[in-house]
Amino acid sequence: MLYKFSGKAAHAAGDPYDGRSALDAVELMNVGVQFLREHMTEDCRIHYAITDAGGVSPNVVQAKAAVLYMVRANKVADSVALQARVDDIAKGAALMTGTSFERVFIDGTAELLPNFALEELLWRNMAEIGAPTCSEEEYAFAAELKKSFPPARCLPGTGARADAAIAEQVRELTENGQRPVNDFLMPPCHGTLFTPGSTDVGDVSWLTPTAQINTAAWPSGIPGHSWQVVACGKSPMAHKAMLYAAKSLAGAAIDLFEDAALLDEAKKEFAQRAASGYVCPIEEGAVPIAL
């Protein structure tokens, strides 16, 4: 959601009392949201970026300013409720500063509906193909990149967080999380454990049975949106990971074509999970836009 505040310009020294600072409104909104964080459930996330600070001259009361917010939760219904609280904070910031604001809807995505039947099928294909291996040169490159970031605070894989037995296996396979590359297949684990992040695949999963896989395209423990990830973009490790994923997906598709029972199982599970009803993240009358 984009919040565009409008105030009144004035000379910051000569007649500041005539000004109404849109930048003040943005800053007060941000402070208000910081206090909101104490009262959110742990599966919620709020991020923001000031997209317009109003100008570059500090001796002018800024008449325009804008801030972009991303509100996330494990369920769309929860994110909608949290979004309403953020909206109220924007209203409060405008009232405190004597400004007004325009609320611009940007986009929204639904939560992912899991399908254990398809997940199991994908895992079997990944196991049959076998995880890619790294050359000594590739492994050394991954090790150097891993050194550039603090040691991982937890074991890789959702399963390691959900199951103690899996955690023990992963601990051994990853040398207690310190191994640079996860050149093995994680033990299978099906569940609905919360994983932070966002994807438009969630909306697809409410229309048809859907499952996803992850392959190791960069060193273990390296966070997304980092230069280390970018450094691996055209690496042999990333290329092997892409081919591994493609083969696994293609193999699962062939299995579904050849065995109707597998597809029926996935469809049955989908119908049960989707029975709770889809909550559209796109507000009525809104058209998603790109900034």
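Results of the side chain to side chain donor-acceptor pair (under 3.5 Å) test with S6 over K64, E102, R20 single out K64 as the only residue that passes. When the options E168, Q169, E175 are evaluated for a side chain to side chain donor-acceptor pair (under 3.5 Å) with R171, the one that passes is E168.
Q62 places no side-chain N or O within donor-acceptor distance of the main-chain N or O of S21, the cut-off being under 3.5 Å. Proximity of a side-chain donor or acceptor of N125 to a complementary backbone N or O of L121 within less than 3.5 Å is detected. Side chain of W123 to main chain of I213: no donor-acceptor pair is present (N/O by atom type, distance under 3.5 Å, no hydrogens or angles). Within the 3.5 Å criterion, the main-chain N or O of A110 finds a donor-acceptor partner in the side chain of D203. R45 contributes a side-chain N or O that, together with a main-chain N or O of E42, makes up a donor-acceptor pair within less than 3.5 Å. Within the 3.5 Å criterion, the main-chain N or O of S220 finds a donor-acceptor partner in the side chain of K146. Not one N or O on the side chain of D15 forms a donor-acceptor pair closer than 3.5 Å with the backbone of D18. Distance alone, capped at 3.5 Å, is enough to place a donor-acceptor pair between the E269 side chain and the F116 backbone. At least one donor-acceptor pair under 3.5 Å links the side chain of R37 to the backbone N or O of I46. The backbone N or O of G54 lies less than 3.5 Å from a partner atom in the side chain of D52, making a donor-acceptor pair.
You'll find the side chain of M40 stays beyond 4.5 Å of the side chain of R85, heavy atoms only. Side chains of M1 and V71 form no contact here, defined as non-hydrogen atoms less than 4.5 Å apart. Side-chain contact between T109 and T199 is absent, with no heavy-atom pair separated by less than 4.5 Å. With a 4.5 Å cut-off on side-chain heavy atoms, D78 and T41 do not count as touching. Q83 has its side chain within reach of V86: a pair of non-hydrogen atoms, C-beta onward, lies under 4.5 Å apart. Under the 4.5 Å side-chain criterion, counting only non-hydrogen atoms from C-beta, L262 is in contact with L256. Between V26 and N30, some side-chain heavy-atom pair lies under the 4.5 Å cut-off. At a threshold of 4.5 Å between non-hydrogen side-chain atoms, the residues S205 and N115 do not count as touching.
Considering all non-hydrogen atoms of both residues, A73 and C44 come closest at CB-SG, 3.9 Å. Among all heavy-atom pairs drawn from G108 and I282, the shortest one is O-CD1, 3.6 Å.
Interatomic distance, L82 CG to H39 NE2, rounded to the nearest 0.5 Å: 12.5 Å. Expressed to the nearest 0.5 Å, how far OG1 of T158 lies from CD1 of I166 amounts to 10.0 Å. For the atom pair CG of L68 and CD1 of I50, the computed distance is 11.0 Å after rounding to the nearest 0.5 Å. Atom CG of D87 is separated from atom CZ of F101 by 6.5 Å, given to the nearest 0.5 angstrom.
Surrounding CE of M70 are at most 12 heavy atoms belonging to other residues, nucleotides or ligands under 6.0 Å away.
Salt bridge absent: E265 and K268 never bring a charged side-chain N and a carboxylate O closer than 4.0 Å. Under 4.0 Å is where a charged nitrogen must lie from a carboxylate oxygen, and between K267 and D264 no such pair does.
When hydrophobic clusters are built by joining Ile, Leu, Val, Met, Phe, Trp and Tyr residues whose side-chain heavy atoms come closer than 4.5 Å, directly or via intermediates, F105 is grouped together with M29. Two different hydrophobic clusters hold L173 and W218 under the rule that ILVMFWY side chains link at heavy-atom gaps under 4.5 Å. F270 and L249 fall into different hydrophobic clusters, where Ile, Leu, Val, Met, Phe, Trp and Tyr residues are linked whenever their side-chain heavy atoms come under 4.5 Å apart, directly or through other members. Note: the hydrophobic cluster containing L112 does not contain V76 (ILVMFWY, side chain heavy atoms under 4.5 Å, direct or indirect links).
A perpendicular orientation is assigned to the rings of Y3 and Y69, their planes being inclined by more than 60° (bins at 30° and 60°).
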Before giving the answer on side chain to side chain contact (heavy atoms under 4.5 Å, CB included), spell out for F5 and D24 the whole-Å C-alpha distance, their side-chain angles and the decisive distance to 0.1 Å. CA-CA 9 Å; F5 288 88; D24 282 355; over 6 Å; no
